[in-house]
Protein chains: 2
Amino acid sequence: MKRAAQQDCSPPSPAYHHGDLRQALVRAGLEILEQGGIAALTLREAARRANVSHAAPYHHFPDKEALLTAIAARGFQIQTEEMELAIENARPPIDGLQSFGMAYVAFAAAHPSLFRLMYSHERNDSSENKEMAESSAAGHRRFIERIRERAGCSEERAQSISLLLWASVHGLAMLWLDRQLRWEGVPSLESLASQMTEMLGVVMHSEPT
Amino acid sequence: MKRAAQQDCSPPSPAYHHGDLRQALVRAGLEILEQGGIAALTLREAARRANVSHAAPYHHFPDKEALLTAIAARGFQIQTEEMELAIENARPPIDGLQSFGMAYVAFAAAHPSLFRLMYSHERNDSSENKEMAESSAAGHRRFIERIRERAGCSEERAQSISLLLWASVHGLAMLWLDRQLRWEGVPSLESLASQMTEMLGVVMHSEPT
DNA sequence: ACCTGAACACCGTTCAAGT
DNA sequence: ACCTGAACACCGTTCAAGT
């Protein structure tokens with residue numbers, strides 16, 4: 001009922017093409033990223049896929065960087081959704097700490113270009129980024145709390161552990177995507193991640209120094 | 001004696017401008033990277049700084065990507081040099097494992113754009129990359145050996161520990177450069193790295209699972 | 001308010017031509 | 001062998017003009 005009055009699918013005008021070009025551009029960007037990588041992601045190509053002129057995006061984004069930021073923001077949403085799903089469906093149900101690490105690495109492997117875009121290029125603290133930062137911080141706080149409960153340690157120490165876990169899986173994912181983990185007889189990314197998160201369990205249950 | 005016959009510094013010809021344009025381009029690239037970041041690093045700008053036409057680089061590199069690879073390769077050399085220096089001069093002399101982590105993060109903080117270039121964009125296995133890969137693998141093997149001696153564990157386990165250490169400091173550096181580590185009251189990067197490498201000492205001296 | 005089409009400066013790449 | 005200058009296709013960005 002919130003949609004515009006039905007118009008039998010005839011476009012309201014040959015020029016005004018849809019109500020939400022902004023979202024269409026972000027969607028197009030995700031598609032380009034998946035098909036051709038970051039090099040193929042241009043403003044003009046996104047406009048082409050959205051069936052508008054190459055100047056149209058400038059009515060929704062001040063510049064290309066802003067579109068990239070919006071795509072990255074959408075990426076963080078997708079990451080949250082996919083990770084929550086993966087953690088729920090983990091078989092056999094494994095430790096929350098380990099399943100977090102596995103899900104993080106799995107997301108990076110599934111969306112390499114998007115993952116790189118999200119975590120690269122120091123993006124300015126735009127309003128969009130503030131939203132992202134807040135939702136990300138909230139998730140982070142919940143995660144720290146879970147660690148604190150499970151390990152029965154101080155919040156300060158839980159923070160240290162969570163940073164170590166995050167950095168480890170982030171670094172593993174990045175090094176893997178960059179083809180840096182290719183010596184003789186490399187195990188799969190999955191087994192590396194599993195091995196790594198297991199070792200981190202040792203730290204979690206050890207005495208603080 | 002291997003140099004060309006002395007010519008009183010007068011250029012051998014107004015067009016042929018130096019003997020080693022290739023190296024000059026790499027050097028120019030490093031300079032651009034430090035001054036303007038990855039966005040400023042164009043083939044034409046590198047040519048400009050080397051005082052040659054914009055087409056000249058194509059006699060030394062097949063395309064832009066090849067120049068980027070050469071710059072990244074030089075970056076790995078610089079990283080090795082700077083890290084060895086930093087580890088030697090660590091005061092007070094700290095554990096080798098910890099000083100490695102600190103030096104790694106320090107390099108990333110000192111050369112953010114170069115560090116990003118080195119570890120990004122899946123570069124093809126060009127001959128240059130094979131050299132890099134080999135020297136990198138050799139260093140890696142020495143490092144694993146040191147861990148094995150110190151922790152008195154199997155080589156397999158030493159490999160796991162070294163990967164955990166590498167991934168941790170790499171992830172920490174990346175997340176820091178990407179401004180992802182900015183919640184309330186963030187400690188300095190140095191103290192985060194120190195804290196992290198200390199925790200990893202726990203893993204190293206713990207019993208294998 | 002939202003979109004177009006022309007225009008500008010810049011970039012990567014190619015190529016015939018010069019020494 | 002190594003470099004230049006012109007040329008081409010593409011991109012980000014701007015702007016007057018249209019509805």
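Sequence lines set the chain letters: A, B, ... in the order given, protein chains first and strands last, and positions in each chain run from 1.
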Inset, instruction - Determine: side-chain N/O of B/His60 to OP1/OP2 of D/dA1, distance under 4.0 Å, yes or no. - result: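 Answer no for this pair, as no side-chain N or O of B/His60 is under 4.0 Å from OP1 or OP2.
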Legend entry - Separation of C/dA1 C1' from A/Arg22 CZ (nearest whole Å):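 Distance check: A/Arg22 CZ to C/dA1 C1' gives 16 Å.
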Legend entry - Side chain proximity check, B/Phe76 to B/Leu114, heavy atoms < 4.5 angstrom: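 Of all side-chain heavy-atom pairs linking B/Leu114 with B/Phe76, none is under 4.5 Å.
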Inset, instruction - With pairs defined as Watson-Crick or G-U wobble and both distances under 3.5 angstrom, please note down DNA chain C as a dot-bracket string, | for pairing with another strand. - result: ||.|||||...|||||.||
Inset, instruction - Could I get the full list of side-chain hydrogen bond (donor to acceptor under 3.5 Å, both in side chains) partners for A/Ser160, not counting sequence neighbours? - result: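 Result, side-chain hydrogen bond (donor to acceptor under 3.5 Å, both in side chains) vs A/Ser160: B/Gln195.
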Legend entry - Side-chain H-bond candidate by donor/acceptor type, A/Gln79 with A/His111, under 3.5 Å: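 On atom types as modelled, these side chains do not qualify, holding no pair under 3.5 Å.
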Inset, instruction - With sequence neighbours left out, write down each residue that passes side chain to side chain contact (heavy atoms under 4.5 Å, CB included) with A/Asp20, or none if nothing qualifies. - result: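 A/Asp20: side chain to side chain contact (heavy atoms under 4.5 Å, CB included) contacts with A/Arg22, A/Gln23.
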Inset, instruction - Start with the C-alpha distance between B/Tyr119 and B/His170, add both sets of side-chain angles, then the distance that settles side-chain hydrogen bond (donor to acceptor under 3.5 Å, both in side chains), and finish with yes or no. - result: CA-CA 10 Å; B/Tyr119 297 98; B/His170 188 76; 5.3 Å; no
Legend entry - Selection residues 36-46 of chain B - residue pairs positive for salt bridge (Lys or Arg N to Asp or Glu O under 4.0 Å), sequence neighbours left out: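 Applying salt bridge (Lys or Arg N to Asp or Glu O under 4.0 Å) to every pair that reaches into residues 36-46 of chain B, excluding sequence neighbours, yields B/Glu45-B/Arg48, B/Glu45-B/Arg49.
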Inset, instruction - Using the salt bridge (Lys or Arg N to Asp or Glu O under 4.0 Å) rule, collect all pairs that involve residues 93-108 of chain B, keeping only residues at least two apart or in two chains. - result: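 Qualifying pairs: B/Asp95-B/Arg150.
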Inset, instruction - Would you mind building the protein contact string for nucleotides 11-16 of chain D? One character per nucleotide, 5' to 3', B for base within reach (heavy atoms under 4.0 Å), S for sugar-phosphate only, - for untouched. - result: BBBBB-
Inset, instruction - Applying side chain to side chain contact (heavy atoms under 4.5 Å, CB included) between B/Phe115 and each of B/Leu33, B/Val105, B/Leu177, report the one that passes. - result: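 Answer to the side chain to side chain contact (heavy atoms under 4.5 Å, CB included) test with B/Phe115 among B/Leu33, B/Val105, B/Leu177: B/Leu177.
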